[in-house]
Amino acid sequence: MARREFPKDVYAQIVRRAMLPTGEIVCEGCGLVLGKKPYHVDHTDPDALFLDKKSKLTAADGKCLGVECCHAPKTKVDVANIAEAKRREAKNLGMKTRIKAKIASPPKAEKPAPKPLPPRRNLFQRLEQS
């Protein structure tokens with residue numbers, strides 16, 4: 001099943017919770033005042049790790065996170081945890097991974113026979129005296 005998105009009313013509750021009395025939005029992960037920086041409302045726990053997705057999402061299930069400060073690092077960790085959970089589930093169900101075949105390399109060409117050396121020349125010649 002796909003990731004559940006927050007309904008508009010729950011989304012608004014989460015953003016209101018992260019808002020200061022001055023109207024500025026604060027990152028609920030690190031407390032940084034975001035101002036005009038982008039933010040995302042994200043699940044506190046990754047939604048892909050929940051098997052029962054019939055219950056409705058509440059404001060307690062999400063956080064308002066700044067994209068640069070907290071959301072990107074959290075997403076990176078969440079993706080790794082979800083992939084690990086999927087691998088564990090596949091192993092538990094007895095699913096086997098595809099056996100990777102070795103890539104056959106082309107046969108090595110034989111080296112050509114070396115050329116014969118030319119005959120040696122004498123460096124010194126004897127002079128015959130008459």
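Computed over heavy atoms, backbone and side chain alike; hydrogens, waters and symmetry mates excluded.
Contact annotation: the side chain of R4 approaches that of S55 to within less than 4.5 Å [non-hydrogen atoms, C-beta and beyond]. The shortest distance between side-chain heavy atoms of D42 and K63 does not fall below 4.5 Å.
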Determine all donor-acceptor pairs shorter than 3.5 Å in which one atom belongs to a side chain in residues 100-107; sequence neighbours excluded.
none

Donor-acceptor contacts, no H, no angles, side chain residues 115-122, under 3.5 Å, sequence neighbours left out:
none

- request: Begin with the C-alpha distance, continue with both residues' side-chain angles, and end with the deciding distance and a verdict on side-chain contact (heavy atoms from CB on, under 4.5 Å) for D47 and K53.
  value: CA-CA 8 Å; D47 194 47; K53 295 187 180 186; 3.9 Å; yes
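When the side chain to side chain contact (heavy atoms under 4.5 Å, CB included) test is applied to I82, the partners found at least two apart in sequence or on another chain are P46, A48, L49, K86. Judged as a salt bridge (charged side-chain N to carboxylate O under 4.0 Å, His left out), and not counting sequence neighbours, D61 has no contacts. Applying the salt bridge (charged side-chain N to carboxylate O under 4.0 Å, His left out) rule to E84 yields the partners R88; only residues at least two apart in sequence or on another chain are considered. Residues forming a salt bridge (charged side-chain N to carboxylate O under 4.0 Å, His left out) with E5 (at least two apart in sequence, or on another chain): R3.
Sorted by first and then second residue, the pairs that involve residues 9-24 and meet salt bridge (charged side-chain N to carboxylate O under 4.0 Å, His left out), not counting sequence neighbours, are R17-E28. Counting only residues at least two apart or in different chains, ring-ring contact (aromatic ring centres under 6.0 Å, His included) contacts with residues 53-95 comprise H40-H71. Listed by first and then second residue, the ring-ring contact (aromatic ring centres under 6.0 Å, His included) pairs involving residues 95-121 amount to none (not counting sequence neighbours).
To the nearest 0.5 Å, atoms CZ (F50) and NE2 (H43) are separated by 9.0 Å. Distance check, rounded to the nearest 0.5 Å: SG of C69 to NZ of K74 gives 13.0 Å.
Residue M95 belongs to a hydrophobic cluster whose other members are L93, with links defined by side-chain heavy atoms closer than 4.5 Å. Grouped by direct or indirect side-chain proximity (heavy atoms under 4.5 Å, Ile/Leu/Val/Met/Phe/Trp/Tyr only), Y39 sits with F6, V10, Y11, I14, V15, M19, I25, L32, L34, V41, L57. Hydrophobic cluster of V33: the remaining members, joined at side-chain heavy-atom separations below 4.5 Å, are L20, V26, listed by chain and number.
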